Protein chains: 2
Amino acid sequence: MVELLFFAYRDFTAEPDAILGQIGFGRAHHRVLHFVNRNPGLRVADLLDVLKITKQSLARVLRQLVSEAYVQQTAGASDRRERRLYVTEKGRELAVRLLDLQTRRLAAALKAAGADAERITQTFLLAVIAETDRAEVKRLVSGRRSTVANSDGDGR
Amino acid sequence: MVELLFFAYRDFTAEPDAILGQIGFGRAHHRVLHFVNRNPGLRVADLLDVLKITKQSLARVLRQLVSEAYVQQTAGASDRRERRLYVTEKGRELAVRLLDLQTRRLAAALKAAGADAERITQTFLLAVIAETDRAEVKRLVSGRRSTVANSDGDGR
DNA sequence: AAGTTACGTCAGCCATGTTGACATATTTGG
DNA sequence: CCAAATATGTCAACATGGCTGACGTAACTT
């Protein structure tokens, strides 16, 4: 089981990695693009929370994503220190393309695993996640939510 | 689902990573130690196959594992060019300790996901793995097998 | 004896993580 | 209103673990 998870994760990321490589990006760019795409108006601090990396690491990839026009920043409406992040059309296209590959793979695997596979696998994966993060993840995943999703709210 | 897999994998590796960090090792060492522990007598070439990294990358971590006496090498019985790899007692202890953390986490998650969760999750994960690798993975996981497991056979 | 195989190694590059220190703009609280 | 806290950016330096290319040696095979 331990090994299965290792191999599964490796192959789960392989196709996107290959595409990203062609345009000079890596997995780190993918993660940022993905979460910004899924949660428009995300702030830098939110992203740091989600990815659990340092702002210096994030800055490096974010700078590239912005300078190559995959991601766009605008100052927060109610707090102008914030940089709310949004994907551009170009960014959305890439995000969707990569997400599609992964979604298809997972969908096929769920199909192979039978009728209740989706519910069961979801429960399983959520239970693998550290307890302290589960609430946050639930919000992030199912909600497209509050703290972050509404571009004009004050968040926090 | 895509996100769940990301977070699950991150947390799945977090505890081992923390322990490894304390002794100056990283995830790469873990992977090598793990597969050698599970498949005693593994050859370097087998490991390259499984991990899909270059021999230079492998050499770096393997050298450390050997020099710090976690892994031991002996020339192959029927082909003395081969280096058959085995964990030492020290290596086994570390491998077991790390494996235990991960196994417990997965076991708890399976329990949370219900009765058939194990079978279903296994099927799911296997289906996520690239078709071309599935046979290899199956051998590796369930077998503790032929090509590799018997320390005196000629393999291949 | 020649070629192939299994493995090791040197050298250097790249991506992505880290820490620590400091700058700047903006908001907030006393 | 000013001082402190906050959100973000940035410079510098470093570690890990991938990569390529080139070359060496021992052992097996033909």
Side-chain angles (χ1 to χ4, degrees), chain A residues 6 9-10 13-14 16-18 20-33 36 41-68 71-85 147-148 154-156, chain B residues 6 10 13-14 16-18 20-33 36 41-67 71-85 147-148 154-156:
Chain A
F6 164 67
Y9 193 75
R10 187 184 63 185
T13 56
D17 283 356
L20 289 157
Q22 287 170 9
I23 56 177
F25 284 166
R27 204 177 293 181
H29 301 85
H30 187 186
R31 293 201 268 259
V32 171
L33 185 64
V36 172
L42 206 65
R43 294 168 302 157
V44 169
D46 297 318
L47 217 33
L48 292 178
D49 248 35
V50 169
L51 301 177
K52 286 191 183 149
I53 58 175
T54 59
K55 67 176 167 178
Q56 293 90 331
S57 292
L58 175 58
R60 200 156 31 198
V61 297
L62 188 52
R63 196 184 312 139
Q64 290 176 274
L65 286 168
V66 169
S67 83
E68 298 185 31
V71 168
Q72 187 183 345
Q73 302 177 326
T74 68
S78 63
D79 184 340
R80 308 199 31 250
R81 289 171 305 181
E82 296 174 355
R83 307 293 158 94
R84 311 300 289 222
L85 303 172
T147 325
V148 140
D154 76 333
R156 263 296 153 268
Chain B
F6 165 66
R10 186 184 64 184
T13 56
D17 282 356
L20 289 157
Q22 287 171 10
I23 56 177
F25 285 166
R27 203 177 295 179
H29 300 87
H30 188 187
R31 292 201 268 260
V32 172
L33 185 64
V36 172
L42 206 65
R43 293 169 303 156
V44 169
D46 296 318
L47 217 32
L48 292 179
D49 247 34
V50 168
L51 301 177
K52 286 190 182 151
I53 57 174
T54 59
K55 66 176 169 178
Q56 293 91 331
S57 293
L58 175 59
R60 201 155 35 197
V61 298
L62 188 53
R63 196 184 311 139
Q64 289 175 273
L65 286 168
V66 168
S67 82
V71 168
Q72 187 184 345
Q73 303 178 326
T74 68
S78 64
D79 182 340
R80 307 197 33 250
R81 290 171 305 181
E82 297 173 354
R83 308 292 157 96
R84 310 303 285 223
L85 303 172
T147 326
V148 142
D154 76 333
R156 265 291 154 273

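Labels below follow one simple rule: chain letters A, B, ... track the order of the sequence lines, proteins then strands, and each chain is numbered from 1. These figures come from a predicted structure and were not determined experimentally.
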### Task
Output yes when at least one side-chain N/O atom of A:Arg43 is less than 4.0 Å from OP1 or OP2 of D:dG9, else no.
no

## Note on the structure
In whole angstroms, the gap separating C1' of D:dG17 from CG of B:Leu65 amounts to 13 Å

### Query
In whole angstrom, what separates B:Leu42's CG from C:dC7's C1'?
14 Å

### Summary
Exactly one of A:Leu85, A:Leu42, A:Leu47 clears side-chain contact (heavy atoms from CB on, under 4.5 Å) with A:Val32, and that residue is A:Leu47

### Query
How close do B:Asp17 and B:Arg27 get, heavy atom to heavy atom, and via which atoms?
OD2-NH2, 2.7 Å

#### Entry: d(CD, B:Glu82; C1', C:dG8) in whole Å
15 Å

### Query
Just checking A:Arg60: base, sugar-phosphate only, or nothing, at a heavy-atom cut-off of under 4.0 Å?
base

### Query
Are any of B:Thr54's side-chain N or O atoms less than 4.0 Å away from OP1 or OP2 of D:dG18?
no

#### Entry: Gap between atom NE2 of B:His30 and atom OG1 of B:Thr13 - 0.5 Å precision
9.5 Å

### Message
I want to check one thing: is the phosphate of D:dA27, taken as OP1 and OP2, less than 4.0 Å away from some side-chain N or O of B:Arg83?
### Response
no

## Note on the structure
A:Lys55 NZ to C:dT16 C1', in whole Å, measures 18 Å

### Task
Ignoring the backbone of B:Gln56, work out which of C:dT16, C:dA6, D:dT20 is nearest its side chain.
D:dT20

### Query
Looking for any heavy atom pair under 4.0 Å, which part of the strands does A:Gln73 touch: base, sugar-phosphate only, or nothing?
sugar-phosphate

### Task
Quickly work out the B:Asp17 CG to D:dG17 C1' distance and round it to whole Å.
13 Å

### Message
Contact between A:Arg43 and A:Arg83 at the side-chain level, heavy atoms closer than 4.5 Å - yes or no?
### Response
no

### Query
Which part of the nucleic acid does B:Arg63 contact within heavy-atom distance under 4.0 Å: base, sugar-phosphate only, or nothing?
sugar-phosphate

### Task
Grab the CD1-P distance between A:Ile23 and C:dA15 for me, whole Å please.
13 Å

### Query
Under a 4.0 Å N-O cut-off, is there an ion pair linking A:Glu82 with A:Arg84?
yes

### Message
Check this for me: does the side-chain of A:Arg81 come within 3.5 Å of the base of D:dT6 through a donor and an acceptor?
### Response
yes

## Note on the structure
Out of C:dT18, D:dG9, D:dC19, minimum distance to the side chain of B:Ile53 belongs to D:dC19

### Query
Atom CG of B:Leu85 and atom C1' of C:dG8: how far apart are they, to the nearest Å?
13 Å

### Task
Establish, with yes or no, whether the OP1 or OP2 oxygen of C:dT16 is under 4.0 angstrom from a side-chain nitrogen or oxygen of A:Ser57.
no

#### Entry: 5′-ward residue of the pair A:Ala59/A:Asp79 relative to DNA chain D
A:Asp79

### Query
OP1 or OP2 of D:dG17 less than 4.0 angstrom from a side-chain nitrogen or oxygen of B:His29, does that happen here?
yes

### Task
Please report, rounded to the nearest Å, how far the C1' atom of D:dT16 is from the CG atom of B:Leu20.
13 Å

